[in-house]
Amino acid sequence: MPVQVREYARLTKCISHVPSIDLGLISETTFNWITRELRGSEQSAKVWKYETPDTLKLGSFVGYIETPNGESIEVLPKTSQGSSDIEKDRLLLRRMLLSVFALPSREIGPADLMRTDRPIHEWILAQFLGELKKLVKLGFRFDYERVEEESYYLRGQLDVARQQRQPANKAHQFHIRHDVFSPNRVENQLIKTALEYSLKVTKDNENWRLANELNHYLEDIESLTKPLHFIESWTHSKLMQAYTDIKPWCVLVLEKLNPIFQKGNHRGISLLFPMEQLFEKYVVQCLRKSLRSPARLQEQAKSKYLVSHQPSGRAEPTRWFQLKPDILLWGSETSHVLDTKWKLINESLNTSENKYGVSQADMYQMLAYGYRYQLGQGHMMLIYPKHSGFTLPVGQFNYSDDLKLWVVPFCLESGLLIQGEWCEYFPPLQFEGG
């Protein structure tokens, strides 16, 4: 049973503490391993931070971690300020991944999606293996592979240059080139590599049984030592349509289900996603699906800068501090800046001291976006996740008479913004109940 916590939780080796969703109890061996990794890996330092001699604090990453000694940690999204529903949070994470990574879901039945007893990495492996099983039934695509060899018989094309250098005692052997109709095309090799990794990491009996069974069908296919270098070589042609559904699952296994802790002889398994980026991309995908035509969304616009600067002795000014809002909403006549923040704010903290929990830095950031991308006019939006403490838009913020900001909750289950006064200023956007 993995240690189950959520974002920003603490991990402790002190057995006197009572474990909870915000405090995970881990062994001293695991604690010491993590501590060693923190000293040697910048990437692991993003996942957790050393807090006290007995305690580590997780960052805003969700997913699954398995340490070299076999202990596992499951990190779920923090979707409420109180206690969490683990099954509900697992299901939400799956839906977000399906949307963000454009994973094929039409063949995933409700019963399969609702099975929440599997950690997220086992669920991903199950989907990959299910797609591979379908592909095996349809049959693999073969391709011609050029082979160069020395043979007693002429076959294909004679390599004249090499044959002329052949010593007299081997004149009866021929250097030839010929094509072999082989299953070793790059797509099959990537799939074989992902399958081999699945066999190594899965602890689910059903996943292991299916992976072992499928491995026999791929025994003639060679795996790749550095598969990530070959992903861009995946062919998208009509002849490869049968491979369309398995590709995103295969890439997810190869890119995400890999050891991030590279130091030492032993490696941990990680499947980790930064929640801020996951939420941003999820909101973009959901808004794009529900957008009213002819409006369109642009992600990560980067055409504007905060200031221009002309250093002494230079003829042309340079632009500094690039501004990259998460979303630009283009309507028929106007554009709007929308920015997402994965943070649980509270609509009841409506005092000048608490300010709903909205960050002053975020408000300054939106001001810069508004003056550069909207020329100081119009309406902008800050989007936070909806939860029990933030169920309705909190009203309008005025930077000036011409520039306004709305703070709006986004429902993670429905994938829609919550209705409010903002609706009349953002007509292309659909909302819950509308």
Side-chain angles (χ1 to χ4, degrees), residues 5-9 20-22 58-62 75-93 95-96 99-100 273-287 290 325-327 329 336-367 369-370 379-399 404-426 429-434:
V5 291
R6 60 185 181 180
E7 299 169 84
Y8 302 112
S20 68
I21 195 68
D22 291 313
L58 288 164
S60 186
F61 282 79
V62 294
V75 187
L76 298 169
K78 185 174 182 179
T79 58
S80 64
Q81 292 177 323
S83 60
S84 288
D85 184 332
I86 290 176
E87 291 190 358
K88 183 179 177 182
D89 290 343
R90 270 183 178 167
L91 184 59
L92 170 64
L93 181 55
R95 285 176 174 156
M96 294 177 78
S99 177
V100 168
F273 304 92
M275 200 59 208
E276 293 92 345
Q277 294 180 22
L278 197 59
F279 178 60
E280 173 198 327
K281 293 182 181 298
Y282 181 59
V283 170
V284 170
Q285 294 299 327
C286 290
L287 293 185
S290 62
D326 293 338
I327 306 167
L329 171 64
H336 302 277
V337 171
L338 287 71
D339 213 52
T340 62
K341 301 295 177 185
W342 179 252
K343 181 181 179 182
L344 301 183
I345 65 171
N346 197 317
E347 60 195 22
S348 65
L349 302 178
N350 56 349
T351 64
S352 58
E353 187 174 321
N354 295 312
K355 304 175 184 66
Y356 303 107
V358 175
S359 164
Q360 180 173 327
D362 292 341
M363 299 297 281
Y364 278 131
Q365 185 183 53
M366 293 303 292
L367 176 63
Y369 290 161
H379 295 260
M380 303 180 294
M381 185 184 295
L382 262 178
I383 301 172
Y384 291 88
K386 177 189 173 184
H387 64 100
S388 59
F390 182 46
T391 59
L392 296 170
V394 297
Q396 181 177 273
F397 293 86
N398 302 315
Y399 286 111
K404 318 289 184 181
L405 174 68
W406 300 87
V407 175
V408 180
F410 179 85
C411 181
L412 297 167
E413 285 77 21
S414 69
L416 292 171
L417 295 162
I418 302 302
Q419 184 176 3
E421 295 178 38
W422 63 268
C423 297
E424 67 174 288
Y425 303 104
F426 299 83
L429 295 179
Q430 296 190 32
F431 47 85
E432 196 170 78

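Please read these numbers as outputs of a predicted model, since none were measured by experiment.
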Novice: Mind running side-chain contact (heavy atoms from CB on, under 4.5 Å) on H387 and T79 for me, showing each step along the way?
Specialist: CA-CA 7 Å; H387 64 100; T79 58; 6.0 Å; no

Novice: Of all heavy-atom pairs between C286 and F410, which one has the smallest distance, and what is that distance?
Specialist: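 In this case the closest contact between C286 and F410 is CB-CZ, 3.8 Å.
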
Novice: Please tabulate, for side-chain N and O atoms in residues 360-367, each donor-acceptor pair with protein atoms closer than 3.5 Å (sequence neighbours left out).
Specialist:
from	atom 1	to	atom 2	distance (Å)
Q360	NE2	Y364	OH	3.4
Q365	OE1	K341	NZ	2.9
Q365	NE2	Y369	OH	3.2

Novice: Please work out whether the ring planes of F397 and Y356 are parallel, tilted or perpendicular, with thresholds of 30° and 60°.
Specialist: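 Correct class here is perpendicular.
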
Novice: Side-chain donor-acceptor pair under 3.5 Å between W422 and H379, yes or no?
Specialist: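 No, no side-chain donor-acceptor contact under 3.5 Å.
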
Novice: What are the two closest heavy atoms between E276 and W342, and how far apart are they?
Specialist: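 Distance-wise, the nearest heavy atoms are CA-CB, 4.1 Å.
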
Novice: Do S99 and Q285 have side-chain atoms, one donor and one acceptor, less than 3.5 Å apart?
Specialist: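 Side-chain D/A pair, S99 to Q285: absent.
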
Novice: Can a donor-acceptor pair be found, under 3.5 Å and without considering hydrogens, that links the side chain of D326 to the backbone of T340?
Specialist: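 Pair found, side chain donor or acceptor close to backbone of T340.
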
Novice: Mind checking the OG-CD1 spacing from S359 to I345? Nearest 0.5 Å is all I need.
Specialist: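 Separation between the atoms: 11.0 Å.
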
Novice: Can E7 and S60 be counted as having a side-chain donor-acceptor contact under 3.5 angstrom?
Specialist: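 Yes - a donor-acceptor pair under 3.5 Å links their side chains.
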
Novice: Please check this pair: side chain of D339 against backbone of L382, looking for a donor-acceptor N/O pair closer than 3.5 Å.
Specialist: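 No: the side chain of D339 does not pair with the backbone of L382.
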
Novice: Which heavy atom of G420 sits nearest to which heavy atom of P393, and what is that distance?
Specialist: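 Answer, listing the atom of G420 first, then P393: CA-CG, 4.0 Å.
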
Novice: Check S414 against E432 and note the closest heavy-atom contact, atom names and distance.
Specialist: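 Closest approach of S414 to E432: OG-OE2, 2.8 Å.
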
Novice: Within the supplied structure, the quantity of interest is the number of heavy atoms (other residues, nucleotides, ligands) at a distance under 6.0 Å from E413 CD; does it exceed 12?
Specialist: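 More than 12 within 6.0 Å, yes.
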
Novice: Excluding sequence neighbours, so at least two apart, what forms side chain to side chain donor-acceptor pair (under 3.5 Å) with S348?
Specialist: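 S348 satisfies side chain to side chain donor-acceptor pair (under 3.5 Å) with N346 once adjacent residues are dropped.
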
Novice: Restricting to non-hydrogen atoms, name the atom on V5 and the atom on L58 that form the minimum distance, rounded to 0.1 Å.
Specialist: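 Result for this residue pair: CG2-CD1, 3.6 Å.
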
Novice: Would you say K355 has more than 12 foreign heavy atoms packed within less than 6.0 Å of its NZ?
Specialist: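 Result for NZ/K355: enclosed.
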
Novice: What I want to check is whether the side chains of E347 and T391 have a donor and an acceptor closer together than 3.5 Å.
Specialist: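 Result is yes, a qualifying pair exists.
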
Novice: I need the I383 CD1 to L287 CG distance, nearest 0.5 Å.
Specialist: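 Separation between the atoms: 5.5 Å.
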
